[in-house]
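Shown next, in structure tokens, is the structure this report addresses.
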Amino acid sequence: MYLNYLKIMKSVPDIEEIRMIPFKAGLNLIIDDSINVDDHGNNVGKTTVLKIIDICFGSKNRKQIWLDSDTNSINHTLKNFIQDNKVYAELKFNASDSKSYILKVDLFERGKRLINNEPYNFNNYKEILNEIIFHTESPPTFRQLIGKFIRINQSTETGNILKYLNQNTSYATYRNIYDFLFDLSDQTESAQKLELENQINSDNKDLKDIIRLHNFSNINDLNERIRIVNNTTNNLQEQLDTMINFNLVDEQLERRDKLHTVLNQIDDFIDSLNFNKNKITQIITNETKGKPEISIEILSDLYSEVQSEFGSINKKFEELITFNNAIKENKLNYYTNRLRAVDQELTDLIENRNKLIASNQELLSIINEKNYEDFEKLHEELLSQNQLLGELNKVKQIYTSLITAINNNTALLTDISDSNSDNISKFNEYFTPMSNIALKQRLYLSPDNDFPVQISNVEDGIGTGHRKTITLLLDIAYVSFIQDVKLDFPKFFVHDVLETVDVYSFKSIVETINKNGSQFITAVLKEKIENYNFITSDDIRLRLTNDDKLFKI
């Protein structure tokens, strides 16, 4: 799959072409050709071309065209021009089945997205592209996959070679992505692995939470705590028993035992209610700790996006804000009411227990009157220890169930093996020689137990100054790899920020992409390449200057 061209068009008052940027196999450069060196970097639009390609491939944020992410400043002139003239982008590419596809995306807010003139809402647009380009349904998602081929907005210092998505992406998700990209396992099995890994990660998080919340280090710690509390309750019960007068008739003994049974049942209910009370109190505390609210600006963007995709919405934005605020308020009200109800149940149960004891003073004559206060103190302490014991046993039950689930899912995960594990070695047949030529380093990928793959050097460590070059070599080698194993994936890749790539490495990269059928699209300053004799005029697909910017305004 290759990109054919990118057009930027006006549709108001008439359809008019602003830019036509043809692409070819090999190197495709968008350059800042300003004569005056001081004019460089004046937002002529070279990087914007790459952003528009990304938007055509499902990037949600159209604002990045007129918003400077570093300064958060808005180019109002450009924003108004795009809005007033209803500017749209048109990207054409050829799929492996020789069928051509044209992606048309409005660049103004709340604009439409079309594939071969068929409009789609945002989610369906990405799903259709996943089927067209990667011949799959989620997982992985289209944006998770296309991010491997369109690498823009990455800092030269912090851009990660292998972790190309946002920092919140889990290793389980990356494993699913690399399984797919390198055809390491059947997609159904890969999806099962992702589900299992996500469940294991979730259970491990719950395990850490319960350990932190109840302040124990491991199961042995918890068992010893339970043993100590259990011994304490037994000792308290024995002390209570010694206060009882056993010179009673059988009937009194039977009545006494029934009374004890009822009291124990009430105590069990009190233990259960106290446990629920603690959990509800914890939820309320978490909800009121001052977590940041969703900003009005983000909600407004979401509202505008939904309105764009689905047409008129029968609710005003202010009504939705009110509704959003009411959700949290209703949640707090619900748990507050539940806490109030639990407190009332506790009060009622304790009152009933006290009434039961008071109304059976005669039966409780097994306790001497002078020792009744001691009995009450011991009984209250016994209730407290029973409550603690009940909570600890509940914690152990949850802990044990989580450990069992983690072990079972880990065993299932182990049983799912990579059916094409040698594909990493096939990839290294291209990657290692390329890196040796470009960087004098024999780099290679290998499977990892944590993150799915790692990159290493045969001789020594990897220099941090070569990140961009290594990333380019990975993408170039990947094109050779997919042609070898006959994977029907894109042969293009889009990069920005080439300033750290030296002339020797750049020359090697250009020579390699011209040989293996890659299509490399990038933006660069003129002075970066003006003395590179290996770059031809045909490689330069668009020249921009401060007097001839991308949108010609």
The reported gap from CG in Leu259 to CG in Leu263 (rounded to nearest 0.5 angstrom) is 4.5 Å

With salt bridge (Lys or Arg N to Asp or Glu O under 4.0 Å) as the criterion, how do Asp54 and Lys51 come out once you've worked through the C-alpha distance, each side chain's angles and the decisive distance to 0.1 Å? CA-CA 5 Å; Asp54 195 27; Lys51 292 179 179 179; over 6 Å; no

Review point. CZ of Phe275: more than 12 outside heavy atoms within 6.0 angstrom?
Key: yes

Exercise for review: Please confirm whether Phe481 and Phe489 have ring centers closer than 6.0 angstrom.
Suggested key: no

Note: Phe134 and Pro490 closest approach over all heavy atoms is CE2-CD, 3.7 Å

| said: Any donor-acceptor pair under 3.5 Å linking the side-chain atoms of Asn409 with those of Gln199? | reply: no

In this structure, OG1 of Thr410 is separated from CD1 of Ile200 (nearest 0.5 Å) by 3.5 Å

CD (Gln344) and CG (Leu273) are apart, to the nearest 0.5 Å, by 11.5 Å

### Query
Is a donor on one side and an acceptor on the other found under 3.5 Å between the side chain of Arg62 and the backbone of Asp106?
yes

- Item | Side-chain donor or acceptor of Asn423 paired with backbone N/O of Phe182 under 3.5 Å | yes

Worksheet entry | Geometric cation-pi criterion Lys104 and Tyr88, 6.0 Å radius, 45° cone | yes

Q. Looking only at side chains, do Asn230 and Arg227 share a donor and an acceptor under 3.5 Å apart?
A. no

Kindly say whether the aromatic ring centers of Phe216 and Tyr399 come within a distance under 6.0 Å. yes

For the backbone of Lys396 and the side chain of Thr400, can you confirm whether one donor and one acceptor N or O come within less than 3.5 Å of each other?
yes

If you measure from the Lys or Arg side-chain nitrogens to the Asp or Glu carboxylate oxygens, is any gap between Asp179 and Arg175 under 4.0 Å?
no

CG (Leu236) and CG (Asn231) are apart, to the nearest 0.5 Å, by 11.0 Å

- Less than 4.0 Å between a side-chain N and a carboxylate O, is that true for Lys355 and Glu351? yes

Closest non-hydrogen atoms of Ile82 and Trp66, given as atom of the first, atom of the second and distance, are CD1-CE3, 4.0 Å

#### Entry: Heavy-atom side-chain contact between Tyr178 and Phe451 under 4.5 Å
yes

To the nearest 0.5 Å, atom CG of Asp343 lies from atom NZ of Lys277 at 4.0 Å

Would you kindly say whether Asn220 and Glu224 are connected by a side-chain donor-acceptor distance under 3.5 Å?
no

Looking only at heavy atoms, the pair that brings Leu194 and Ala172 closest together is CD1-O, 3.3 Å

Rounded to the nearest 0.5 Å, the CD1 atom of Ile226 sits from the CG atom of Leu388 at a distance of 9.5 Å

* Asked: Taking the six-membered ring of Phe108 as reference, does the NZ or CZ atom of Lys86 fall below 6.0 Å from its centre and within a 45° cone about the axis?
  -> yes

